[in-house]
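To keep things clear, I will list the structure first and then write my remarks on it.
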2 protein chains.
Amino acid sequence: MYIESALSNHEPALRRETPESLAAEGAPSLSSLFARQPVERFEAGAAVFWEGDTAAHVFEVVDGVLRVFRMMNDGRRVITGFLYPGDLVGVSLERHYLYTAEAVTPVKLRRFARNRFQSEIHSSPELRPQLFAQLCDEMAAAQDQMVLLARKTAEERVASFLLVSARRLKSVAGAPLVEIPMTRLDMADYLGLTIETVSRTMTRLTQRGVIEPNGRHTILVRKLRTLAVLAGECDEDDSSGETGVPEAGAVRRAVWPH
Amino acid sequence: MYIESALSNHEPALRRETPESLAAEGAPSLSSLFARQPVERFEAGAAVFWEGDTAAHVFEVVDGVLRVFRMMNDGRRVITGFLYPGDLVGVSLERHYLYTAEAVTPVKLRRFARNRFQSEIHSSPELRPQLFAQLCDEMAAAQDQMVLLARKTAEERVASFLLVSARRLKSVAGAPLVEIPMTRLDMADYLGLTIETVSRTMTRLTQRGVIEPNGRHTILVRKLRTLAVLAGECDEDDSSGETGVPEAGAVRRAVWPH
DNA sequence: CGTTGAATTGATACTGGTCAATTCTAGTGG
DNA sequence: CCACTAGAATTGACCAGTATCAATTCAACG
């Protein structure tokens with residue numbers, strides 16, 4: 001079966017309103033479920049759970065960034081996603097986790113027993129559509145990632161990543177200052193490249209004036225439109241204007257000359 | 001949020017029992033929802049819907065195979081999945097489909113109005129977990145595909161594809177005879193390769209006696225264990241035995257030397 | 001200020017892509 | 001029933017984009 005996102009380009013449906021805001025208003029939301037759980041802290045690099053562990057809990061990211069990855073038996077690593085505040089980890093029907101979750105930055109999480117989570121979801125007509133929406137968003141993101149991995153060049157991949165990172169920010173007027181908390185190795189394993197290729201590509205983007213690194217984990221995006229064009233999936237008209245962030249709900253064409 | 005499959009290796013949770021069997025028994029199942037809808041036929045190559053179309057319906061595949069794909073604006077195509085009898089297409093919260101669905105073979109479908117589908121799901125405590133299970137399966141399959149696209153070699157990709165195709169069959173005793181209904185171009189666009197590379201890789205597998213083509217769309221798998229090893233994600237012990245199909249629920253390790 | 005892992009940069013290798021030429025095969029029509 | 005045809009698949013020669021290997025350089029932290 002195939003599902004789609006409630007919002008194009010994977011702005012997560014529920015991420016806009018912070019967990020706190022909803023919980024405070026008493027509106028039933030997925031994160032309000034977790035609100036009473038104690039906050040647990042993980043230092044950067046620490047694993048929340050491992051691929052193969054018994055999947056006993058569902059987690060909500062409260063603060064920080066997680067990486068979620070799978071390893072091939074010879075050590076090749078694939079990061080299937082990064083998780084941000086408001087995201088859930090470990091929702092599943094499987095007895096064991098199918099991936100490892102690690103803290104990229106220091107992370108705060110809330111934990112919920114799996115079976116309790118399931119029964120809460122099952123019995124709440126408010127929560128169910130929200131969970132469903134998150135699944136749809138995640139599926140859409142996975143499909144974008146498949147497009148990236150299957151057909152995009154190194155430059156398109158890096159540009160796509162930076163673009164999505166830029167969109168995650170509350171777009172500061174003009175050029176957004178993007179935080180890249182993860183290492184180049186994380187980026188490489190997420191984009192299906194090597195560190196060297198990621199590094200070279202970013203150097204080239206810098207030389208062309210598209211981005212302007214500010215330390216290793218902060219990047220000023222100087223030409224957002226250019227970045228969007230380089231990323232692939234958008235119509236490549238003017239890259240001169242260099243105005244604000246291209247809106248998320250962009251039009252999609254339905255033409256395919258067979 | 002991240003979810004996992006109810007069954008490893010993406011044997012779909014609900015696919016085993018045919019739609020008919022369940023519907024006949026009156027057991028509430030996703031496909032029983034569709035059972036009263038008229039069957040629609042699509043000839044090979046016909047589109048069921050296009051990326052960008054208003055997403056007004058959900059479809060159940062009754063017979064045949066669909067390909068689901070997205071196009072980049074310059075024509076690069078990525079097939080994100082193939083759909084088989086029992087699968088649903090078009091489940092979404094989005095107003096428009098995010099991908100095109102086309103018939104690979106002559107296909108029979110049943111159609112269900114989107115809002116009716118949603119309310120049925122919403123009001124049925126039996127159906128909901130089944131839909132959830134399908135979402136989980138699909139998410140797990142998407143993650144496998146990301147691993148394939150991000151890190152596997154051409155040979156590993158082709159081997160993985162043939163292996164999954166072989167597993168879909170009711171494993172005939174000994175060497176399974178695998179049907180590959182799609183063209184090489186479909187395979188290439190699914191595996192992130194070119195037709196030429198797919199072709200060369202299959203030729204090499206044939207020369208090594210791993211597979212034995214029987215026409216262009218049928219393949220006798222002579223060395224299933226070898227194929228499994230070549231596919232990557234399985235421990236590569238003996239490839240001599242060449243006995244039955246490796247079971248789906250294989251063990252996963254949880255080691256990661258950081 | 002020194003140390004160490006991360007990142008960058010360079011030289012070279014190799015997998016898979018591109019372009020082009022056959023060869024196959026499933027239809028089609030005589 | 002069989003030759004013809006057009007698209008699909010295979011094969012080959014060559015090329016390009018990334019990976020690999022190796023050497024610096026950078027920057028965060030003690």
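Hydrogens, waters and symmetry mates play no part in the numbers below; they use all other heavy atoms, side chains included.
One interatomic measurement links the two molecules: CD1 of A:Ile180 to P of C:dA6, which rounds to 17 Å at whole-angstrom precision. To the nearest angstrom, C1' of C:dA13 lies 14 Å from CD of A:Glu196. When rounded to the nearest whole Å, the span between CZ of B:Arg184 and C1' of C:dC24 equals 12 Å. Per the geometry, CE belonging to B:Met202 stands 17 Å off C1' belonging to C:dT23, to the nearest Å. With rounding to whole Å, B:Asp189 atom CG is found 14 Å from C:dG17 atom C1'. Following rounding to the nearest Å, B:Arg151 (CZ) and C:dG16 (P) show an atom-to-atom distance of 13 Å. Computed from coordinates, the B:Arg200 CZ to C:dG16 P distance equals 11 Å when rounded to whole Å. Rounded to a whole Å, the CD atom of B:Glu155 is 9 Å from the P atom of C:dG16.
Of all heavy-atom pairs spanning A:Leu227 and A:Leu163, the tightest one is CD2-N, 3.9 Å.
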Please tabulate, for the side chains in residues 197-204 of chain B, all donor-acceptor contacts under 3.5 angstrom to protein atoms that are two or more places apart in sequence or on a different chain.
from: B:Thr197; atom 1: OG1; to: B:Thr194; atom 2: OG1; distance (Å): 3.1
from: B:Thr201; atom 1: OG1; to: B:Thr197; atom 2: O; distance (Å): 2.6
from: B:Thr203; atom 1: OG1; to: B:Ser199; atom 2: O; distance (Å): 2.9

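Taking the centre and axis of the six-membered ring of A:Phe59, the NZ or CZ atom of A:Arg110 falls outside the cone set by 45° and 6.0 Å. Remark: B:Arg168 qualifies as a cation-pi partner of B:Tyr84 under the 6.0 Å distance and 45° angle criteria applied to the six-membered ring.
Residue contacts for B:Leu193: at a heavy-atom cut-off of 4.0 Å it reaches the sugar-phosphate backbone alone, with no base atom in range. Here A:Arg216 lies in heavy-atom contact (under 4.0 Å) with a base.
With a heavy-atom cut-off of 4.0 Å to chain A, the contacted part of DNA chain D has its first and last nucleotide at D:dT18 to D:dA27.
When atom types are taken as modelled, the side chain of B:Ser160 and the backbone of B:Ala231 share a donor-acceptor pair closer than 3.5 angstrom. Of the possible polar contacts, one joining the A:Arg76 side chain to the B:Arg151 backbone as a donor-acceptor pair under 3.5 Å is found.
A:Ser199 has no side-chain polar atom (N or O) that falls below the 4.0 Å cut-off from OP1 or OP2 of C:dT9. The side chain of B:Thr194 contributes an N or O atom lying less than 4.0 Å from OP1 or OP2 of C:dG17.
The residue among A:Gly192 and B:Thr183 whose nearest nucleotide of DNA chain D is located toward the 5' end is B:Thr183. Along DNA chain D, the nucleotide nearest to A:His217 and the one nearest to A:Lys152 differ in position, and the one closer to the 5' end is contacted by A:Lys152.
Between A:Tyr99 and A:Phe69, the gap from one ring centroid to the other reaches at least 6.0 Å.
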